[in-house]
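Reminder, nothing fancy here: chain letters follow the sequence lines and each chain counts from 1.
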Amino acid sequence: MILEPLANYLFVSVVLFTVGVYGLVTKKNALRMLFAVEILINSANLNFVAFTRYLHPTSVTGQALAMFSISLAAAEAAVGLAIILAVFRLRRDVDVSEIKGLRG
Amino acid sequence: MVDAVFALLAVVTVVSAILALEAKEVVYGAVALALSFVGVAGFFALLDAVFLAMFQLTVYVGAIAVLILFTVMLVRRERWLKTKEGVYKSVGIVASLAVAVGLGYLVYSSSITHVTTTVEQAPFTLIGALILSEYWAALVALSLVLASAVVGAVVLAKLERD
Amino acid sequence: MALIRNLLEFLIRIVVLVVIILILVPILLFVAYQLLGSKLPLTPSMLFNPSEALAFTLAFMDTDFFRITVFPGFTFVALYAAIAGLWERKLLAKIQLRVGPLYAGRFEGILQPVADVLKLLSKELVIPKVADKLFFILAPLLTVVIATAAVAVIPVTENWVIARSDVGVLVIFAVLGFFPITALMAAWSSNSRYPMLGGLRALHQMVSYEIPLILSVLAPVIYAGSLNPIEIVKAQSNIWFILLAPISAIVFYICALAELERIPFDLPEAEPELVSGWLTEYGGMNFGLILGIAVYIKLYVLSALFTLLFLGGWLGPAPLPAEFWFILKSFIVTTLLLIPRGVFPRLRIDLLLKQSWAYYLILALLNLVVAAAVVLTGSNLIGW
């Protein structure tokens, strides 16, 4: 069956989301986990824009939300990378299963 | 023509996203991640959101990918090559396949698959008006978050010097 | 590439080359005919009757293919880059009371770019044993591709533009954002000390100067009310934006110097300290691609952007064509960007970063606020 365009975008978004979930579950390297989170955010943004384009093209709400999300992702990446760098300086390692200093 | 471009973009985006997670060398992964961001920007352009596509390129590739690449180069160690994943790998594959099947079925079974539109996308200049009128509170909150993120990142970076 | 050991091998290679050319050329001609022949008045009788070819040439000049490859596109930019390179060497020589290139071309070394390219082409491509081969080869190519991509949205005149985009100015900054990545790729793949240090410096510098650069561009954008370069130039028909936003223009100029890694800010390739920065391991045409082509194309892009945003683009007195005014203004800006190399010493890295965040950012913001206030109060400066 031939799908209409919106479903195509949603399927790409689903695949990206899957890849992100896979990365988040399997990886123990903090940097790889950050990569996975960025992929998840991207798949969500794609959904926002695709839905606005096909369901409500007279507004730009989805694009505005995607802009907010991208800006938040930038902040998240900056803080995340600063934490990774600080942890690396302390422990010479970025494997999250080895970092148990805060365990109660 | 659009279908071919769409297929190409889909392949590039998904394959480079997988490469970003699975490439042996983390630097390759970081560059693949940047390529994946470019692919998503391409989708935005296909969806008539050219302004957002360029915003995505400026922020994601120009700032986030560069920061990630920079960090990867600073913390690069041989030890990363032999990270053990063991059981987590099979669990991850099962979990992500479950997510894929669930979400895929949801999209497939819904009436969304038949939606199409002939209406032109509204111009990007509306984004500014929308952000400043309806979502002004979110904008203020976002600016505070960004400011605190900058302060937090600087503090974390200076932690070690003392 | 394997060495050619004897005459027989040499002859075999020549034959293979000829066969490849004999096969490829008809295929390419056929493709070109299929692509262009249907739209253009292309007939075989043209070969014997040149007057028929005139219509073809005129029609050809109107195609996208011509725009991409020749006039506002690659050939024009490459020529501009070569002339700027020669002009830089002669100009700096005159400033420092030297002669500069003198022999190639008999008159003031006018063929020096050709000689340089021939020299670089004839050199062996050395790839260090410890280098990461994929990125090492990819980085120079990507740098050129990215630099050229920015040219697509720069209009030389209203008609001579490859891609008309409503967000043209933003496109240029999206493209500029790729440069730190290729620089880091080159630095990391060389797997050597000096390139790595140079690459990290380049990254710091490009990232911190991109922010004031974007902010300084916003003042003209607010005055014109558009991100489209063509609209921005049209809005300057009464008064150039350099008079309305002088601080932005100065900040743009300084940040362009930093983005280009030119002399007061050339820390990434500081010769006395870092040999040649992130380009240390590169030689031959690999080096030529980055330094000879990409850097000068980037120079053209930023000069052209300054012209479009602040100097009224192609607007100028009538008898001379608009293209002439645009190229003249761009070339003057290029010259201004070249002169500091003959005059100033190099900055220290901490001063360089402090300047960007402490001064230029504030100055650019200041002019942005002024521009917003002027537009808000509805001042009739631009003739709306």
Part of [X] within contact of chain B (heavy atom distance under 4.5 Å):
{"X": "C/V207", "result": "side chain"}
{"X": "C/D132", "result": "side chain"}
{"X": "C/L200", "result": "side chain"}
{"X": "C/M206", "result": "neither"}

Requested in this report: Report yes or no: does B/S16 contribute a side-chain atom to a donor-acceptor pair with the main-chain N or O of B/L33 at less than 3.5 Å?
Outcome: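 Side chain of B/S16 to backbone of B/L33, a donor-acceptor pair under 3.5 Å: no, none is there.
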Query - Expected output: side-chain C/E158 to main-chain C/I230 donor-acceptor under 3.5 Å - result: no
Query raised in the report: Taking only residues at least two apart or on different chains, which pairs with a member in residues 35-64 of chain B satisfy salt bridge (charged side-chain N to carboxylate O under 4.0 Å, His left out)?
Result: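 The answer is A/R53-B/D48.
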Taking only distance into account, with no hydrogens and no angle test, what donor-acceptor pairs under 3.5 Å do side-chain atoms of residues 58-66 of chain B form with protein atoms, sequence neighbours excluded?
| from | atom 1 | to | atom 2 | distance (Å) |
| --- | --- | --- | --- | --- |
| B/T58 | OG1 | B/M54 | O | 2.6 |
| B/Y60 | OH | A/E38 | OE1 | 3.4 |

Report task. Give, as side chain, backbone, both or neither, the part of B/F124 having an atom under 4.5 angstrom from any heavy atom of chain C. Result ->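 Interface part for B/F124: side chain.
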Query - Heavy-atom pairs under 4.5 Å with chain B, option from C/I181, C/L134, C/V175 with the top count - result: C/I181
Report task. Could you check which of C/L170, C/D166, C/L176, C/L227 has the highest count of heavy-atom pairs closer than 4.5 Å to chain B? Result ->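 Among C/L170, C/D166, C/L176, C/L227, the one with the most close pairs to chain B is C/L170.
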Query raised in the report: What is the ring orientation for C/Y360 with C/Y209, classed by angle as parallel under 30°, tilted 30 to 60°, or perpendicular over 60°?
Result: tilted
Report task. On the 0 to 90° scale, with breaks at 30° and 60°, tag the C/F252-C/F306 ring pair as parallel, tilted or perpendicular. Result -> tilted
